[in-house]
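A short worksheet on the structure shown next.
Convention: sequence-line order gives letters A, B, ...; per-chain numbering from 1.
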Number of protein chains: 2
Amino acid sequence: MTQSAPSRLGDLQLKIMKRLWEKGESTVAEVHQALSQEKAHAYTTIATMLRKMEERGLVSHHVEGRTFVYRAAVREGAVSRRMAGDMLDRLFEGSLADMVSHLLTSREVSRDELTRLEHLIAERKKKK
Amino acid sequence: MTQSAPSRLGDLQLKIMKRLWEKGESTVAEVHQALSQEKAHAYTTIATMLRKMEERGLVSHHVEGRTFVYRAAVREGAVSRRMAGDMLDRLFEGSLADMVSHLLTSREVSRDELTRLEHLIAERKKKK
DNA sequence: GGATTAATACTACCCAGGTAGTTTGGTCAA
DNA sequence: TTGACCAAACTACCTGGGTAGTATTAATCC
């Protein structure tokens, strides 16, 4: 888990990472199985993608018998933060308030979410 | 401005769009000039990119003398919302609170921003 | 009129994400 | 021991973003 988090991941890559983060480890077959619930992929597509991702340092593998067992090589939090931060900078010049403002006008946000947000902000303000 | 906003734009494309949103209209030379402050691009790179973007419906042009004058064909707000919303769904399953939580832990946020955020949330809560 | 200039058009790459077929090699059961 | 099966390896292709060189064309300046 030393690899620094990338600021961009493709759709498929992100889905694969999510599976690995959730399960800790997975074989190609398991990842393929899991993702195929949502959309069909060829087995080899997943295998190829995992190989490419390993080259990029996103995942690593060890061998069990003759099957590869993959695990994430970057932490979920780090990736989320990098990607979200990147977007924040690219689109809103780093202004969190601008981003939230845009998202609030275009999306349904439950009362519950709003309350959670209030608490987050209040909490953060206290620490300053 | 009928074109529906795309959920992904490359770096260069976004920078070009920002220039067009800001100025309303620009020639290739003007866009090239503006972007070259930050990083050098060949003139033809900008011209090619604009042509590709027109194919995709992101911009349109009219001719003045023999130079093309480009303008945005999608609204800034629509693009920001689409892109930010896409990211929100991809990374945080749509939970705004999760996203803000992550961003608050990893970034400097001024007291001022926090206050703006508070107001945004409060405002939104009232309207529910 | 011919040379220069400045604009677009055309063409060609590279790279990464995504997709998947084909090949190879090991394992296991009949 | 041979054939079926399964896993990885290899190869190839498409797409879109990014990059830029070369060709063409039209105006304008001497």
Rounding to a whole Å, what distance do you find between [X]:[atom1] and [N]:[atom2]?
X: Arg51(B); N: dT19(D); atom1: CZ; atom2: P; value: 15 Å
X: Ile16(A); N: dG18(C); atom1: CD1; atom2: P; value: 8 Å
X: Asp11(A); N: dG17(C); atom1: CG; atom2: P; value: 12 Å
X: Lys15(B); N: dG17(D); atom1: NZ; atom2: P; value: 15 Å
X: Ile46(B); N: dA7(C); atom1: CD1; atom2: P; value: 14 Å
X: Leu50(A); N: dA8(D); atom1: CG; atom2: P; value: 9 Å
X: Lys39(A); N: dG17(C); atom1: NZ; atom2: P; value: 17 Å
X: Glu30(A); N: dA8(D); atom1: CD; atom2: P; value: 11 Å

- Query: Below 6.0 angstrom between ring centroids: does that apply to Phe92(B) and His102(B)?
  - Reply: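 Phe92(B) vs His102(B): aromatic centres under 6.0 Å.
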- Task: Run the salt-bridge test on Arg19(A) and Glu25(A) with the 4.0 Å N-O cut-off and return the result as yes or no.
- Result: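 Salt bridge: no.
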- Task: May I ask you to decide whether Asp89(B) forms a salt bridge with Arg107(A), counting only side-chain N to carboxylate O separations under 4.0 Å?
- Result: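 Arg107(A) and Asp89(B): salt-bridged.
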- Item | Nearest to side-chain heavy atoms of Phe68(A), which nucleotide of dA8(D), dT8(C), dG17(C) |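 My answer, after comparing the listed nucleotides, is dA8(D).
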Does a side-chain N or O of [X] approach OP1 or OP2 of [N] to a distance below 4.0 Å, or not?
X: His41(B); N: dT19(D); answer: yes
X: Thr67(B); N: dA7(C); answer: no
X: Lys52(A); N: dA9(D); answer: no
X: Tyr43(A); N: dT19(C); answer: no
X: Arg56(A); N: dG17(C); answer: yes
X: Thr45(A); N: dA20(C); answer: yes

- Query: With side chains defined as the heavy atoms from C-beta onward, is the minimum distance between Arg116(A) and Ser95(B) less than 4.5 Å?
  - Reply: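 In short, these two side chains touch, coming nearer than 4.5 Å.
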- So does Thr48(A) reach the base of dA9(D) with its side chain, donor to acceptor, closer than 3.5 Å?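 Looking at the base of dA9(D), it does not pair with any donor or acceptor on the side chain of Thr48(A) (distance under 3.5 Å).
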- Side-chain donor-acceptor pair under 3.5 Å between His32(A) and Glu30(A), yes or no?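 Result is no, nothing qualifies.
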- What does Ala47(A) touch in the nucleic acid at a heavy-atom separation under 4.0 angstrom: a base, only the sugar-phosphate, or nothing?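 If one applies the 4.0 Å heavy-atom cut-off, Ala47(A) turns out to touch nothing in the nucleic acid.
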- Message: Under 4.0 Å, counting only non-hydrogen atoms across every strand here, what does Arg66(B) touch: a base, just sugar-phosphate, or nothing?
- Response: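 Here Arg66(B) touches the backbone only, sparing every base.
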